[in-house]
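Notes follow once the structure below has been shown.
Each ligand, and each atom within it, is numbered from 1 in the order the structure gives.
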Amino acid sequence: MNNLPRHIGIIMDGNGRWAKKRGLPRLFGHRAGAENIHNVVEACADFGIEVLTVYAFSTENWGRPKEEVDGLMQLLQETIDKEVPEMHKKGVKLIHSGDPSRLSPELQKAIEKSVELTKDNDRIILNVALNYGGRAEIVKAVREIVQEGIKPEEITEELISAHLYTAGLPDPDLIIRTAGEMRLSNFLIWQAAYAEYYSTPALWPDFDRKELEKALEAYAGRERKFGKLPSID
Ligand code: FPP
C-alpha cells in the first residue's frame with residue numbers, strides 16, 4: 001500500500017460494550033481487548049508501520065470504580081507477563097508513555113524490565129500509553145525546561161517535543177478511535193496536531209487486520225495539507 005502512516009495512535013474504546021453485548025462483566029471485555037493488542041501489533045508490523053501507540057490507561061481512568069481499576073491493573077500485569085516474551089521474539093520494541101509513579105512497584109518493575117529486554121528490537125515500536133494524559137505530559141515538559149534554566153527565547157516547538165514521553169519518535173500521522181466515538185480524550189494532544197483522524201464503529205476487541213486495512217486505505221486517500229493549499233498536479 002502506498003502512502004502509509006509512519007506512526008499510528010489507537011484509542012482502544014468499546015471493551016465495555018463488547019462485554020455487555022455478550023452479557024459478560026466489563027472486565028471480560030478488557031481481557032478480550034488486551035488479547036487483541038498483539039494481533040494489531042503484528043498486522044501493523046506486516047504493513048511496515050514504524051510506531052504504534054495504544055492508549056491503555058489514561059490519567060482520567062483512575063476515576064472508574066475501584067473494582068474496574070484494580071481489574072485493569074491486574075490485567076496489565078498479566079498481559080505483560082504473557083505477551084512480552086512473545087513480542088520480544090517477534091522483534092517488537094516496547095516503550096512506555098506516562099507517569100509510572102502511581103502504578104504499583106510490581107507493575108513499574110515489569111514495565112522497566114520489558115523496555116530493557118526489548119530495547120534492541122527494530123521491527124516495530126509498541127508505545128504503551130499507561131497512566132498517560134496529554135496535558136500532564138506538557139506540564140512535565142514545561143517543568144523540565146524551567147528546571148534546566150532554559151531562556152524563554154530558546155524555547156521552541158522542537159524543544160518541547162524533546163521533553164515529551166515520545167521524544168525521538170515521529171509524530172503520529174493517523175489516530176484511530178474504535179467504538180464510534182469522536183473524541184481525542186487527552187491522547188497525544190501535542191503530537192497529533194497534524195494527524196488524520198479515523199473513527200470506526202468496530203469495538204476494540206473486534207478491531208482486526210481487515211479493520212486496520214480499512215483505516216489505512218482511508219488514510220491513503222486523504223491529502224495532508226499541513227495548513228497549506230492543496231497541491232496541484
Ligand atoms: C475502553 O473501553 C478501554 C480502556 C479503558 C482501556 C483499554 C484497555 C485495554 C485494551 C485492556 C488493557 C490494556 C492492556 C495494555 C493490557 P471502555 O471500557 O471505555 O468501553 P465502553 O466505552 O464500551 O464502556
Does a side-chain heavy-atom distance below 4.5 Å link K20 with R26?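 Heavy-atom side-chain distance check fails, nothing below 4.5 Å.
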Do other residues, nucleotides or ligands put more than 12 heavy atoms under 6.0 Å from the [atom1] atom of [X]?
| X | atom1 | answer |
| --- | --- | --- |
| F28 | CZ | no |
| E157 | CD | no |
| R22 | CZ | yes |
| E78 | CD | yes |

Best match, R17, M12, H30: closest heavy atom to atom 21 (P) of ligand 1: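 Going through R17, M12, H30 one by one, R17 has the nearest heavy atom to atom 21 (P) of ligand 1.
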With atom 17 (P) of ligand 1 as the reference point, say which of K82, Q74, R64, E83 has the nearest heavy atom.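 The nearest heavy atom belongs to R64.
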[atom] [closest protein heavy-atom partner, distance rounded to 0.1 Å]:
| atom | result |
| --- | --- |
| atom 14 (C) of ligand 1 | L76 CD2, 3.5 Å |
| atom 6 (C) of ligand 1 | A56 O, 3.1 Å |
| atom 9 (C) of ligand 1 | N15 ND2, 3.5 Å |

Do any nitrogen or oxygen atoms of [X] lie less than 3.5 angstrom from nitrogen or oxygen atoms of ligand 1?
| X | result |
| --- | --- |
| T79 | no |
| G16 | yes |
| W18 | no |

Close approach, R26 and ligand 1, non-hydrogen under 4.0 angstrom: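 True for this residue.
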Whether A179 lies under 4.0 Å from ligand 1, heavy atom: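 It does not; every heavy atom stays at 4.0 Å or beyond.
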If the threshold is 4.0 Å, N to carboxylate O, is there a salt bridge linking K140 and E137?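 So K140 does not pair with E137 through a salt bridge.
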Whether R123 and E42 form a salt bridge (side-chain N of Lys/Arg under 4.0 Å from carboxylate O of Asp/Glu) is what I want to check.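 Judged by the 4.0 Å cut-off on N to carboxylate O distance, E42 and R123 do form a salt bridge.
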Heavy-atom distances under 4.0 Å decide this one: backbone, side chain, both or neither, for L130 against ligand 1?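 The answer is neither; L130 stays 4.0 Å or more away.
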Pair H96-N127, side-chain donor/acceptor within less than 3.5 Å: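 No, no side-chain donor-acceptor pair sits under 3.5 Å.
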Closer than 4.0 Å to some heavy atom of I37 - which atoms of ligand 1 meet that?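 Those atoms are 14 (C), 15 (C).
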